[in-house]
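Scroll down for the structure; my scribbles are underneath it.
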Amino acid sequence: MSFIQLTQPSGTFGAGGSVGIPLTVTVHPQVIFSILDHAIRHEQGQPKVIGTLLGIRSDDGTELEIKTAYGVPYVDSSEEGEFRMDMDYNQHMYTLHQKIQPSEVVIGWYSNFSEMNPLAFLAQGFYGERTRPFSPVYLSVDARPGQPFSVQAYVSSKIGAGSIRPVIAEDGSIQPTKTTVFEPVHTILKENSLVDAAGFAQVYEGAKSPSGAAQVISDPKRLQESIETVLEMVERVKRYVNDVIQGTAPARINVGKYLFAALATKPKVDPESVEQMITSHLQDVLMTVYLANAVKAQIDLSQKLVSTI
Amino acid sequence: MARENGIQKVKIDANVAFKIIKHTTESAPAGVSGQLLGLEDGDAIEISYAFAFPMGEDLASSWPSSEANKNYASTMTESLTAVNVVPNAAGFYISSFLGSNIYSAQTLDAFSMYQSDEMSSPVLIVHDPTRTAHTASLNLQAYVLSPAYDAVKKGHWFTRAAMAKHGLTFKDVLIPVPVEITNSHYANAFIHSYAETQTEPVNPALHGLDLNIDRYLCGNAEAMLDTLDDLTYDLGSFQYFLRHLNREEARIVQWQQRRKVENAQREARGQDPLPENDWKKIFRLPNEPSRLEGMLEAAHVERICDQIEQYSAGSVPKLYGIRALLQ
């Protein structure tokens with residue numbers, strides 16, 4: 001038997017030594033909040049902010065997860081055509097972040113503008129030096145008023161002839177190379193975990209209120225909301241089914257199949273065993289509560305006694 | 001300076017909330033801490049930024065009051081001023097699991113560390129990732145140190161007399177303060193657009209109806225028993241002190257009676273009576289051990305009991321609900 005070994009074509013098509021062009025970029029909402037916070041803190045007269053993205057790259061470099069963002073100051077004197085990122089600051093902050101989460105590495109940069117301007121090419125050059133051999137990812141978060149909010153990740157590749165690497169002058173500034181092309185990458189905004197989702201639900205409350213703020217509420221209140229949400233969903237499905245039966249709404253096969261599947265998940269169990277199961281569970285819970293109450297009373301008493309002896 | 005009305009509200013930025021969530025969740029189940037930056041505004045504290053502290057080998061080295069973290073905090077704060085973050089420490093956050101870490105000596109140390117002229121009552125924010133995951137409802141709580149605790153601490157020794165004088169009991173070492181999460185306009189724009197693009201509803205309501213209630217209750221019950229052991233140990237050593245004290249006091253009374261009899265005899269013989277207060281030179285009363293530890297343990301147990309009650313308050317209706325559904 002003979003084997004043939006096929007090596008995956010590594011992403012060498014984007015010249016300039018960039019390998020492993022990411023296919024998907026996952027961004028956690030917390031990164032966006034961090035970027036927006038930086039956007040509010042922008043320098044006087046410098047509304048565009050730039051910062052570093054930290055995250056995790058999959059082994060083959062095709063999937064990226066952006067997990068942390070922090071701002072980096074830069075100098076931009078357009079008249080003289082000079083642009084300089086404070087890469088010492090970046091390195092310093094990176095070292096500080098590494099102490100918290102060593103698995104996160106520099107994978108690119110962000111800004112709060114979406115149009116491609118010379119700044120983007122320059123910053124891409126700076127970060128390219130930092131993420132070699134991978135191409136840095138550029139995440140654009142556009143929150144300008146009067147426009148749809150957009151979050152989009154880009155990678156760059158070098159095309160055409162000319163110098164592949166950006167030319168770095170002696171003072172540390174980078175001369176733009178005109179051969180860089182930004183390509184959008186599939187960007188997914190997703191919560192990391194249920195805990196994140198719970199956090200998001202909390203800030204969503206704030207977003208719905210006119211003041212933009214919401215108090216963190218207690219668990220029973222949240223449970224009540226959960227039940228209300230489910231009841232509302234059931235109500236909506238009931239309405240839809242009734243409408244279909246009466247012929248006022250079009251019957252959609254997919255929805256029907258889905259409803260059937262959902263109803264089928266209700267287990268067929270003997271009512272008596274259910275009763276028994278639930279009762280024993282209830283007793284366990286109530287027993288624990290009873291125990292907790294007894295302990296509480298005991299502690300109260302003992303601490304009172306200690307202070308009166 | 002303890003103020004009359006105290007802090008009524010802690011406002012935190014959405015960015016801060018997510019920074020805390022990320023740090024505490026990723027390092028679970030290890031206890032971690034971080035610093036809060038912000039300003040006092042009347043009766044509220046506004047937290048505008050937060051950063052994490054590196055995790056040490058134990059609680060003491062992971063907490064803000066450790067030497068390494070003090071250095072980390074000053075370096076980080078200095079760096080953050082370059083991106084216009086207000087470099088004013090407003091308190092700290094910690095992660096807690098089943099109520100742990102909150103009532104610890106390290107936490108109280110951190111409180112006194114953050115107390116300054118600008119920040120009269122530093123705030124502590126606690127996130128319990130396990131509880132958030134089990135109830136699908138963000139469990140962020142804020143606390144400030146009670147003025148009574150402060151007053152007793154100034155006397156350096158937690159005796160029963162000092163505690164009674166300032167009215168400090170284990171129930172009010174930390175005072176809970178309502179937490180409010182504030183979104184900037186940018187954040188609001190993002191949240192709305194994000195909520196629209198998600199196929200699943202943003203409200204993780206369905207997870208909150210999860211019936212897997214045993215695990216959390218068991219964990220709490222176990223934690224409660226562990227803490228009770230510590231508490232019993234503390235009470236044991238306190239009782240040892242009391243017995244010792246009683247024994248010494250009995251011996252003093254005995255001695256005083258003997259001296260009285262002796263003096264009566266001396267008087268009858270026309271001699272000068274011996275001083276009756278000499279017992280102070282002969283006997284030494286044992287020092288009262290600090291009540292601080294026992295008080296913290298009692299507060300910890302009570303917290304766990306409260307957790308069990310609150311969690312069950314949600315579990316019982318769920319069980320009744322599922323019974324109705326299955327019948």
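Note that the structure is predicted; figures quoted are calculated from it, not measured. Here is how names work: the chains are called A, B, and so on, in the same order as the sequence lines, proteins then strands, and each is numbered from 1.
Between N188(B) and A207(A) the shortest heavy-atom distance is OD1-CA, 3.1 Å. In this structure, A69(A) and K19(B) approach most closely via the heavy-atom pair O-NZ, 4.4 Å. Between P129(B) and V195(A), the shortest heavy-atom contact is O-CG2, 3.9 Å. A pairwise comparison of heavy atoms in A39(A) and Y186(B) identifies CB-CE1, 3.8 Å as the closest pair. Pairing each heavy atom of F33(A) with each of A187(B), the nearest pair is CE2-CB, 3.7 Å.
In this structure, the portion of D13(B) lying under 4.5 Å from any heavy atom of chain A is its side chain and not its backbone. Heavy atoms closer than 4.5 Å to chain A are found in both the backbone and the side chain of A82(B). Both the backbone and the side chain of N293(A) have a heavy atom closer than 4.5 Å to some heavy atom of chain B. When heavy atoms are compared at a cutoff of 4.5 Å, I12(B) does not approach chain A at all. Contact annotation for H185(B): neither backbone nor side-chain heavy atoms come within less than 4.5 Å of a heavy atom of chain A. With a 4.5 Å cut-off on non-hydrogen atoms, T279(A) touches chain B through its side chain but not through its backbone. With a threshold of 4.5 angstrom between heavy atoms, V72(A) approaches chain B through N, CA, C or O but not through any side-chain atom. Heavy-atom distances place the backbone of F53(B), and not its side chain, under 4.5 Å from chain A. Heavy atoms closer than 4.5 Å to chain B are found in the side chain of H92(A), but not in its backbone. With a 4.5 Å cut-off on non-hydrogen atoms, A52(B) touches chain A through its backbone and its side chain both. Interface remark: L80(B) contributes backbone and side-chain atoms alike to the contact with chain A (heavy atom separation under 4.5 Å). Using a 4.5 Å cut-off between heavy atoms, I21(B) contacts chain A through its side chain alone, with no backbone atom that close. Heavy atoms closer than 4.5 Å to chain A are found nowhere in I304(B), neither backbone nor side chain. Looking at V301(B), only its side chain comes within 4.5 Å of chain A, counting heavy atoms on both sides. Both the backbone and the side chain of M76(B) come within contact range of chain A, judged by heavy atoms closer than 4.5 Å. In this structure, chain A has no heavy atom under 4.5 Å from any part of V32(B). Of the two parts of S48(B), the backbone and the side chain both hold a non-hydrogen atom closer than 4.5 Å to a non-hydrogen atom of chain A.
Every salt bridge (charged side-chain N to carboxylate O under 4.0 Å, His left out) that D300(A) has, sequence neighbours left out, goes to K171(B).
Counting only N and O atoms by type, the side chains of T169(B) and K304(A) include no donor and acceptor under 3.5 Å apart. No side-chain N or O of N84(B) forms a donor-acceptor pair with one of H42(A) less than 3.5 Å apart.
Side-chain rings of Y194(B) and F200(A) approach one another, their centers coming within less than 6.0 Å.
Ring geometry for F190(B) against F149(A) counts as tilted: the plane angle lies between 30° and 60°, on a 0 to 90° scale.
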Evaluate T68(A) against K22(B) for side-chain contact (heavy atoms from CB on, under 4.5 Å), listing each step before the verdict.
CA-CA 9 Å; T68(A) 307; K22(B) 175 178 189 285; 3.2 Å; yes
For R41(A) and V83(B): C-alpha separation, side-chain torsions, deciding distance, then whether side-chain contact (heavy atoms from CB on, under 4.5 Å) applies.
CA-CA 7 Å; R41(A) 298 173 193 282; V83(B) 282; 5.7 Å; no
Start with the C-alpha gap between I299(A) and F170(B), add the side-chain angles, then the distance that decides, and say whether side-chain contact (heavy atoms from CB on, under 4.5 Å) holds.
CA-CA 10 Å; I299(A) 300 269; F170(B) 73 101; 3.8 Å; yes
Show your reasoning for whether side-chain contact (heavy atoms from CB on, under 4.5 Å) applies to L282(A) and Y320(B).
CA-CA 9 Å; L282(A) 263 175; Y320(B) 276 114; 3.8 Å; yes
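Between the side chain of H281(A) and the main chain of L319(B), no donor-acceptor pair closer than 3.5 Å is present. Without hydrogens or angle criteria, Y89(A) side chain to S79(B) main chain gives a donor-acceptor distance under 3.5 Å. Using a distance-only test at 3.5 Å, with no hydrogens or angles considered, a donor-acceptor pair links the side chain of Y72(B) to the main chain of L96(A).
Ion pairing between a basic and an acidic side chain is recognised when a charged N comes within 4.0 Å of a carboxylate O; D306(B) and K296(A) show such pairing.
Taking CD from Q101(A) and CD from E26(B), the interatomic distance works out to 4.5 Å, rounded to the nearest 0.5 Å. For the atom pair L217(B) CG and M287(A) CE, the distance stands at 13.0 Å (nearest 0.5 Å). Taking CD from E180(B) and CD from Q202(A), the interatomic distance works out to 10.0 Å, rounded to the nearest 0.5 Å. The NE2 atom of H38(A) sits 11.5 Å away from the CG atom of N15(B) when rounded to the nearest 0.5 Å.
Between chain B and the residues I278(A), I100(A), D86(A), L291(A), the largest count of heavy-atom pairs under 4.5 Å involves I100(A). With respect to chain B, the highest number of heavy-atom pairs below 4.5 Å among N112(A), V203(A), T288(A), V289(A) belongs to V203(A).
For residues 287-308 of chain A, there are no ring pair (Phe, Tyr, Trp, His ring centres under 6.0 Å) pairs, not counting sequence neighbours.
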